[in-house]
Number of protein chains: 2
Amino acid sequence: MNKYTIGIDFGTLSGRSVLINVADGNELATEVLDYPHGVMDSRLPDGTKLGADWALQHPDDYLEVLKKTIPAILTKAGIRAENVIGVGIDFTACTVMPVKADGTPLCKMPGFSGEPNAWIKLWKHHATQPEANKLNEIAKKQGQKFLDRYGGKISSEWLVPKVWQTLNEAPQVYHEADRFIEAADWVIWQLTGRERRNTCTAGYKAMWHKHDGYPGDDFFASLHPELRNLVSSKLSTDLFPAGTRAGEITGKAAGLTGLKEGTAVAVANVDAHVSVPAVGITGPGKMLMIMGTSTCHMVLGEKEINVPGMCGVVEDGIIDGYFAYEAGQSCVGDHFQWFVENCVPGEYFSGAEEKGLDIHELLAARAERLKPGESGLLALDWWNGNRSVLVDVDLSGMMLGMTLATRPEEIYRALVEASAYGTRMIIDTFETNGVPVNELYAAGGIAGKNPLIMQIYADITNREIKISGSPQAPALGSAMFGAVAAGKDRGGYDNIFEAAKLMAKIKDRVYKPSPGNVIVYDKLYSEYRTLHDYFGRGENNVMKRLKDIKKQINII
Amino acid sequence: MNKYTIGIDFGTLSGRSVLINVADGNELATEVLDYPHGVMDSRLPDGTKLGADWALQHPDDYLEVLKKTIPAILTKAGIRAENVIGVGIDFTACTVMPVKADGTPLCKMPGFSGEPNAWIKLWKHHATQPEANKLNEIAKKQGQKFLDRYGGKISSEWLVPKVWQTLNEAPQVYHEADRFIEAADWVIWQLTGRERRNTCTAGYKAMWHKHDGYPGDDFFASLHPELRNLVSSKLSTDLFPAGTRAGEITGKAAGLTGLKEGTAVAVANVDAHVSVPAVGITGPGKMLMIMGTSTCHMVLGEKEINVPGMCGVVEDGIIDGYFAYEAGQSCVGDHFQWFVENCVPGEYFSGAEEKGLDIHELLAARAERLKPGESGLLALDWWNGNRSVLVDVDLSGMMLGMTLATRPEEIYRALVEASAYGTRMIIDTFETNGVPVNELYAAGGIAGKNPLIMQIYADITNREIKISGSPQAPALGSAMFGAVAAGKDRGGYDNIFEAAKLMAKIKDRVYKPSPGNVIVYDKLYSEYRTLHDYFGRGENNVMKRLKDIKKQINII
């Protein structure tokens, strides 16, 4: 009898359950539910207004995903619940909520439904920038070495700025909350009845380190006296690496989901990170790029090295026994979308409609006819600042080489090339610092849909690129960890290495660098590097000064 | 009885006659004729194919302008020919033709109508680039000091490269031609029966100097042995400054035009230069910008100084007794047009249509709401290379400061600002080298139509800008010189100073710099300068290297 696992991917706007065959990783059924409350960025459900840069979620939405999508995939595939041996989940992170000791979200407690800080702060809640700035300033002054693991800066998206904002703005929420917990870990708690947190979010988003633990109480006290006991009183030092069995489906959870009580549940994981084994990466030298609005780069290493400008390095953060490195580019799909919305003439849209293409496909088709170097254009891909390797949100976009003959598809291609140069800069920085990157894998919307972009990345990085075989790599990865949580005895696997061998998926089409293009792009990349350093490393800080002038103008 | 003069402006695609009241410069009538043969850039009238970058004209078209438009304005205004005391003309330059000793164009001689080099080479005939390159190389090697008067480079548009191409490609044309003459001077010859050439085109386009004359015969011989006697045999050293009476309308010309035999005719002039007195400039310190697809900057000085990067300095070149300096920006209106054609979303066009605006007006209206510095953008206006002050066609455009919030009207404004910074760079270079520029005047399409652009120029240059009162400044200027050619005795003026006092026209609206904007733009200009020098003066020649790569790609 075949055995199955379920991977559940909690995204920004929806949750998706996927039913996977344990033997071969094949997908049998998938079901998506848009969160009924979506992203709350202007008002709470009771009408309370939110400030700028707020982004909240509703905990009921996550439970609704479990309730609706799990029974749906079982029905669709005609699979009985007793043949489902495990469940794994992944989540956008850092998505943090205050809860009571029994797991009740604070926003559902009497008197708190109108208090914004009592709700779930989604990863892209950015109203915490003042706290993040202050934290970075203090940590830098104290010479806190944890900063080096995060490219020198803690993001406003991460856990401590979010908790600190709560204390600053709604101290009663801070005091009433028994726990601050990742939504990912909270869902596991709802499924298993146990608070079992994962090492991945703790390591990447909460400054935890396998050997050094969290920053010391003195550090937290230097932020705010009442934060001194944050770790011991409201977080947890009991953390479990991916694939660990968090527990089993409780009777209550069985009622909610239609799964059998006792089904194994893996500890939660971050959506990007769980995709790494889903494409078959379980060892060093292979970088996975999750290419969507932004790109997240992950690679495993055998030692802990502080590579400049990365987003984080966490021991056992992705695959047990390895140091998992993360880097990022802030603006990839966003960049192309900006271009399409702001810089493309109407005739291109009508041309696309005539041919039955979407506008990106039309631009790609026209850009594909150009040879490397033919446009004479070169850009710096910093429309949304630079995450890795410069870690500087105040940088901005640049393009040069335009003439009166420059056409939209040339600009489009130059933007694609710029993002590929940015990736090569990240790869070079890893390699220069002793973390090899021999081969690339890509997942996410762009990887599956845009062959031009993938070929340009292969040519510019001079590396083969394999593409995720599943369009739902996170869900597949979660399902794989669900199979590991079940273990061999129940028809799963003893570890992720075995699971990956049989369940991981990549497409047949591999993008191989074209030697002629590699030669031209090497020259262009060397120009990119010069400009990258000139504008990005302090030789000419014009981008920052322009932003300063802009700020002063906006104040007047 | 009122007296009148006629100014005739020969442009690239049409000729225009304007009837002007001598007393006050008021315009009574205007008439335009599109050249029947337009610009011949693919075929001759007999079907002979032309190569790339050729641009020829037909001499009959110029005569047709005289024949059709002069009678038309007299009729329109109800003025009798005997009250027209003078005629002046201006022309695009350098527009050169080979003719026989009696003035017959070679293209009209038997056996030559199918030979491209026998026709008139229009200013924008660029197939002479190889000759221009070789000329510059040889002149530089010989240390020819005339190069300094032209920013170090002779343009492919100028006379000697055009004549040399004729000798190289069609030696029989070169030998059969008794004269090589500016079309401007040829038209004067047709009106007066006399070959009387002007100093303006000779000085700016044929390397002539009031005291040094043309380059020596040895120099011409070093280009090609048969060019040794070019000056003495086929050009002329009898040159006359603007306002000189070239002669009088002949009986034949009276028959053609309807003017009275004996009407005074001024020597010809260049369209841009003749506009200077038309706005009332007859002395130093006042710069006229003719703002169209490109911008031409003219200012008078009291000494001959080799200002780096100017297009030329000619004694008596515009106003007798002064050194006339010319500088230029290669890409102004062209730049905005490129943007509109390649980078503006369809919704902007439909928005413009709804409001009854053209797209430039809509963009200007939206850009006008932005404060200086608010977009955070900064551009180098080199889409068509840089004429002054870098004299480098291999430079290209650059823009930086883009974010995901950048909007089309912000980019549009940044392009306008970039062209204004380019103008300020030219002004600063003049002033640093001892040619003062206290005040600005503007003529041409942009000056009259786009208040946003003019205000930005005033703010960025921190100078008042007066606008030409006549939309036909060249024709008005020509008419003024016609009145001077007639002289006081016949109801005109003795010199251009007197004519300008009464006939020149500027609009009431003067653009004054806004002190707050000046402060912000000073900061932005200083950033522009840094980037101008970084990319333009050799610190980072990336633009040239990208063009080299592009050329190599195109060869493959």
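Heavy atoms only: backbone and side chains are in, while hydrogens, waters and symmetry mates are out. Letters A, B, ... mirror the listed sequences (proteins, then strands); counts begin at 1.
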Q: Heavy atoms only: give me the nearest M402(B)-S396(A) pair and the separation to one decimal.
A: O-CB, 3.5 Å
Q: Of the backbone (N, CA, C, O) and the side chain (C-beta and beyond), which part of V520(B) lies under 4.5 Å from a heavy atom of chain A, both, or neither?
A: side chain
Q: If I compare all heavy atoms of I549(B) with all of K523(A), which pair ends up nearest, and what's the gap?
A: CD1-CB, 4.0 Å
Q: Counting only heavy atoms not in K449(B), do more than 12 sit closer than 6.0 Å to its NZ atom?
A: no
Q: Can you tell if the side chain of V344(A) reaches within under 4.5 Å of the side chain of V344(B), non-hydrogen atoms only?
A: no
Q: Which atoms of E409(A) come close to chain B, meaning under 4.5 Å heavy atom to heavy atom: side chain ones, backbone ones, both, or neither?
A: neither
Q: Please check if atom CD in E347(B) has more than 12 non-hydrogen atoms from other residues, nucleotides or ligands closer than 6.0 Å.
A: yes
Q: Do N540(A) and L531(B) touch side chain to side chain, with heavy atoms closer than 4.5 Å?
A: yes
Q: Nearest 0.5 Å, what's the CG-CG distance between L395(B) and L400(A)?
A: 11.0 Å
Q: Looking at E341(B) and P345(A), what are the two nearest heavy atoms and their distance?
A: O-CG, 3.7 Å
Q: Where is the tightest heavy-atom contact between K371(A) and I553(B), given as atom of each residue plus distance?
A: CB-CG2, 3.7 Å
Q: Take atom CD of E353(A) as the centre, draw a 6.0 Å sphere, and report whether it contains more than 12 heavy atoms from other residues, nucleotides or ligands.
A: no
Q: Quick one: sort the Y534(A) and F535(B) rings into parallel, tilted or perpendicular, breaks at 30° and 60°.
A: perpendicular
Q: For the backbone of T406(A) and the side chain of W338(B), can you confirm whether one donor and one acceptor N or O come within less than 3.5 Å of each other?
A: yes
Q: Between I411(A), L404(A), L378(A), L546(A), which has the largest tally of heavy atom pairs under 4.5 Å with chain B?
A: L404(A)
Q: Between N342(B) and chain A, with a heavy-atom cut-off of 4.5 Å, which part of the residue counts as in contact: side chain, backbone, both or neither?
A: both
Q: Keeping to residues at least two apart or across chains, list the side chain to side chain donor-acceptor pair (under 3.5 Å) pairs with something in residues 410-421 of chain A.
A: R413(A)-E417(A), R413(A)-Y521(A), E417(A)-Y521(A), S419(A)-Y457(A)
Q: Under 4.5 Å, counting heavy-atom pairs only, tell me which of G397(B), G346(B), G376(B), G385(B) racks up the most with chain A.
A: G397(B)
Q: Taking every heavy-atom pair that is under 4.5 Å apart, which of G516(A), G373(A), A405(A) has the most such pairs with chain B?
A: G373(A)
Q: Under a 4.0 Å N-O cut-off, is there an ion pair linking R545(A) with E527(B)?
A: yes
Q: So do M398(A) and M398(B) actually touch side chain to side chain, heavy atoms under 4.5 Å?
A: yes
